[in-house]
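For reference, the structure discussed in these notes is given below.
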Amino acid sequence: MAYDNDNIFAKILRGEIPCDKIYENDHALAFRDINPQADIHVLVIPKGAYTNMTDFAAQASDAEMAGFVRAVGETAKAVGVTDDGYRILANNGAHAKQEVPHLHIHIFGGQPLGRMIKPPEN
Ligand code: 5GP
């Protein structure tokens with residue numbers, strides 16, 4: 001899928017739309033989700049134009065990958081979820097209902113999150 005330069009996160013990166021910034025480095029930006037699904041819900045995005053994790057894993061430089069992963073860890077620390085724990089999630093494509101076609105990792109925390117997938121019933 002070709003990258004859409006008009007997606008909402010591209011506009012945030014260009015400063016055309018405001019965000020509640022938590023953390024930034026050379027290769028990544030983290031900000032609060034506009035519609036939080038947990039007490040703490042933050043998004044971490046690469047600054048490069050990558051549609052999803054498949055695209056990022058194939059095309060990003062080692063420096064971009066390191067910067068992005070470090071941003072996830074630093075953002076979790078910045079919002080104070082590392083002691084009690086948190087969940088990270090990245091929706092990729094149609095089956096995962098990815099809404100914004102720019103790679104983003106969700107960080108959820110600040111409350112018990114339950115199991116991500118229910119165990120099978122006997
Ligand atoms: P997805 O379903 O693509 O994994 O998640 C997209 C996320 O982006 C959603 O959780 C949604 O609330 C968030 N989002 C959509 N538009 C904006 C926006 O303009 N600002 C911020 N901060 N978050 C947004």
Side-chain angles (χ1 to χ4, degrees):
M1 180 172 60
Y3 184 80
D4 172 12
N5 279 306
D6 286 329
N7 79 75
I8 203 89
F9 294 166
K11 292 180 179 177
I12 286 174
L13 283 166
R14 292 196 295 268
E16 296 167 10
I17 290 177
C19 70
D20 187 355
K21 185 167 90 174
I22 301 289
Y23 175 84
E24 182 173 13
N25 65 24
D26 286 349
H27 298 294
L29 175 69
F31 50 89
R32 291 191 192 279
D33 195 290
I34 203 167
N35 183 24
Q37 303 298 308
D39 286 351
I40 291 174
H41 183 179
V42 179
L43 302 170
V44 186
I45 67 174
K47 289 187 173 176
Y50 300 104
T51 56
N52 58 30
M53 185 58 83
T54 312
D55 185 22
F56 185 76
Q59 305 293 338
S61 68
D62 290 357
E64 288 177 299
M65 290 190 191
F68 185 53
V69 174
R70 289 202 193 286
V72 174
E74 291 301 320
T75 301
K77 280 193 234 170
V79 296
V81 295
T82 53
D83 285 351
D84 288 336
Y86 59 99
R87 178 169 292 146
I88 60 174
L89 174 86
N91 292 314
N92 286 262
H95 278 190
K97 293 201 177 296
Q98 180 181 2
E99 287 174 16
V100 180
H102 181 114
L103 172 62
H104 48 286
I105 285 185
H106 299 255
I107 297 177
F108 302 101
Q111 63 175 83
L113 297 164
R115 288 183 186 274
M116 189 174 71
I117 297 174
K118 285 185 185 169
E121 291 179 18
N122 291 322

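Order of listing sets the numbers, starting from 1, for every ligand and every atom in it.
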What atoms of ligand 1 come within less than 4.0 Å of a heavy atom belonging to [X]?
X    : value
K97  : 2 (O)
N35  : 12 (O)
N91  : 1 (P), 2 (O), 4 (O)
Q98  : 3 (O)
V100 : 3 (O), 6 (C)

query: Should the pair H102 and Y3 be assigned to parallel (<30°), tilted (30 to 60°) or perpendicular (>60°) ring geometry?
result: perpendicular
[X] side, atom [atom1]; [Y] side, atom [atom2] - distance, nearest 0.5 Å:
X   : Y   : atom1 : atom2 : result
I34 : I8  : CD1   : CD1   : 7.5 Å
F9  : I45 : CZ    : CD1   : 6.5 Å
I12 : F31 : CD1   : CZ    : 4.0 Å

- request: Hey, could you give me each pair passing salt bridge (Lys or Arg N to Asp or Glu O under 4.0 Å) that has a residue in residues 78-91? Not counting sequence neighbours.
  value: none
query: Should the proximity of I8 to ligand 1, defined as any heavy atom under 4.0 Å, be assigned to the side chain, the backbone, both, or neither?
result: side chain
- request: Decide whether an N or O pair under 3.5 Å exists between L43 and ligand 1.
  value: no
task: Decide whether an N or O pair under 3.5 Å exists between E99 and ligand 1.
output: yes
Heavy-atom gap [X] to ligand 1 smaller than 4.0 Å:
X    : answer
H104 : yes
H106 : yes
D20  : no
I17  : no

- request: Answer yes if V72 and F108 sit in the same cluster of Ile, Leu, Val, Met, Phe, Trp and Tyr residues linked by side chain heavy atoms under 4.5 Å apart, and no otherwise.
  value: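 Each belongs to a different hydrophobic cluster.
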query: Under a single-linkage definition using a 4.5 Å side-chain heavy-atom cutoff for Ile, Leu, Val, Met, Phe, Trp and Tyr, are V44 and F56 assigned to the same hydrophobic cluster?
result: yes
task: Tell me, yes or no, whether the heavy-atom count around I88 atom CD1, taken from other residues, nucleotides or ligands under 6.0 Å, exceeds 12.
output: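 No, CD1 of I88 has 12 or fewer neighbouring heavy atoms, counting only those of other groups under 6.0 Å.
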message: Is it the case that the side chain of N92 and the backbone of N52 share a donor-acceptor pair, with hydrogens and angles ignored and the cut-off at 3.5 Å?
response: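 Side chain of N92 to backbone of N52: no pair is present.
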In the protein, which heavy atom is nearest to [atom], and how far is it?
atom                    : result
atom 22 (N) of ligand 1 : R32 O, 2.9 Å
atom 7 (C) of ligand 1  : D33 OD2, 3.5 Å
atom 8 (O) of ligand 1  : F9 CZ, 3.4 Å
atom 14 (N) of ligand 1 : I34 CG2, 3.8 Å

- prompt: Would you say the side chain of N91 lies within less than 4.5 Å of the side chain of E99, judging by non-hydrogen atoms?
  reply: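 No, their side chains stay 4.5 Å or more apart.
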